Protein chains: 2
Amino acid sequence: MPDHTLRRDDDKISASILQTTESLFSKYGVENVSMHQIAKTAKVGQGTMYRRYANKGDLCMDLMKENFQDLQDSVRHYLENAGSISVKEKLFAVFKKQLYFLERHSRLFETIHSFSTSTCESAKTNFYEAPPYVFMHTLIRSLLEEAIRAEAARPVNADFTAHTLMASINPKVYIFLKKEKGYTTDEIIDNFSRTFLEPLFF
Amino acid sequence: MPDHTLRRDDDKISASILQTTESLFSKYGVENVSMHQIAKTAKVGQGTMYRRYANKGDLCMDLMKENFQDLQDSVRHYLENAGSISVKEKLFAVFKKQLYFLERHSRLFETIHSFSTSTCESAKTNFYEAPPYVFMHTLIRSLLEEAIRAEAARPVNADFTAHTLMASINPKVYIFLKKEKGYTTDEIIDNFSRTFLEPLFF
DNA sequence: TCAAGTAACGGACAATTGTCCGCAAATCAT
DNA sequence: ATGATTTGCGGACAATTGTCCGTTACTTGA
């Protein structure tokens, strides 16, 4: 009967779901695709979907993991080959990469944010505790701490500052600034750097 | 038949809905109350609800308008009776008031944010174009521009800066910093002021 | 190899958000 | 006053998210 093994396809099923999701998202847009539609297209039950992904945001998060890996690698590579560059310049570069990443995946980000806390308060996948956010926050905090230790930056609360800097370029306001106010990505990067990063340093 | 006039009760119906909403929200919590439940309790049809309020966020927005009026009045009163105070100090005070306001209404804010763009892209009530946001943004931008003209602040893009400053204290990150990271409201105000407001000035 | 146990699939179902349209109420015109 | 027109109420309905449980495929032990 089974022309192909059904069980022990965990990873294949996951891959199928992710691939289907990516395909449907790019075809109809993130917000026009339902979980049921994905399940049906990927030929799995809704139960299977929801056992793997608590909600649409969770699915988006997983979908972004691979893309995020690119950002992470890019940042890591940059930092490893940037020994002599000043901490300040490193911080600028990291934020620039992050903003370009947001530019490419703003819709996905927005969906993740929508579902991260809006639904139940049972804190399924708090965005702020998910690997991508933690990685970037930790990195930025480290750079800030390094700069502060070297007395290149003013002695601020690095943890708080990193969180707040990242909050200030959240997807909602980013999309608003671009779509409604007409700012270009480079203008946003430039203004952000000059207004909020620059003053952190002496 | 009509023991009480049915039509031309527009304002009475609205008042009834708002009152019912406030009552149910405070009783069960914002996220545990559905639109249908409000409609049923307020004795109106769902259609009536949705004709008046596009979604739950919209309803929250209206509910907050009266509260927001207090903030607006408070800020206006402060500014009118603060002629000799420096622009810098005014800006600090305005943000402090805004943060305390967020503290009191964070749940309502969060719900508004969740619905403002998450649902349909037909841009029902863009949070960033609603009166409360516009008022605060305009005010902060004006103060910044005044400070820049007086050469008390660095010549930054006041529009962008105002948007980004407000984004950096959005309800999601605010709740995270308080609930998960244990920051107190005053710590947040203090860090925010020292790290992001202070450096804007010479 | 076969029975008992376990994992997990998938569809039916519940809850909630948002839409639509028939019909009643109010207004207006003659 | 009465018929025509407009306004808008309200419940039925659709769509979507998320849950639950019967059933089916795989695993383990003798």
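Labels below follow one simple rule: chain letters A, B, ... track the order of the sequence lines, proteins then strands, and each chain is numbered from 1. Please read all numbers here as calculations on a predicted model, not as lab measurements.
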To the nearest angstrom, the OH-P distance between B:Tyr53 and D:dC9 comes to 12 Å
B:Lys40 meets the salt bridge (charged side-chain N to carboxylate O under 4.0 Å, His left out) criterion, sequence neighbours left out, with none
Between NE2 of B:His36 and C1' of D:dT16 the distance, given in whole Å, is 13 Å
Taken in chain and number order and not counting sequence neighbours, the residues that satisfy side chain to side chain donor-acceptor pair (under 3.5 Å) with B:Gln37 are none
Return a table of donor-acceptor pairs under 3.5 angstrom between the side chains of residues 135-149 of chain B and protein atoms on other chains or two or more places apart.
| residue | atom | partner | partner atom | Å |
| --- | --- | --- | --- | --- |
| B:His137 | NE2 | B:Asp159 | O | 3.2 |
| B:His137 | NE2 | B:Asp159 | OD1 | 3.4 |
| B:His137 | NE2 | B:His163 | NE2 | 3.1 |
| B:Thr138 | OG1 | B:Val134 | O | 2.6 |
| B:Ser142 | OG | B:Thr138 | O | 2.8 |

query: Quick one: is B:Arg52 getting a side-chain N or O under 4.0 Å of the D:dC9 phosphate, OP1 or OP2?
result: yes
Check your understanding: Do the non-hydrogen side-chain atoms of A:Asn67 and A:Phe101 ever get within less than 4.5 Å of each other?
Key -> yes
#### Entry: Distance-only donor-acceptor test (3.5 Å): side chain A:Arg51, base D:dG18
no
Per atom distances to the B:Ser34 side chain, the nearest of D:dG18, D:dT17, C:dT17 is C:dT17
note: B:Met35, atom CE; D:dG10, atom C1'; distance rounded to Å ~ 14 Å
Sequence neighbours excluded, the answer for side chain to side chain donor-acceptor pair (under 3.5 Å) partners of A:Tyr100 is A:Asp186
Whole-Å distance, A:Tyr28 OH to D:dT16 C1', equals 17 Å
In numerical order, the residues of residues 38-50 of chain B whose heavy atoms come under 4.0 Å of DNA chain D are B:Val44, B:Gly45, B:Gln46, B:Gly47, B:Thr48
Whole-Å distance, A:Lys56 NZ to D:dT17 P, equals 5 Å
Separation of C:dT16 atom P from A:Asn55 atom CG, nearest Å, is 17 Å
Sorted by chain and number, sequence neighbours left out, salt bridge (charged side-chain N to carboxylate O under 4.0 Å, His left out) with B:Arg104 holds for none
Atom CG of A:Leu59 and atom C1' of D:dT16 are separated, to the nearest Å, by 15 Å
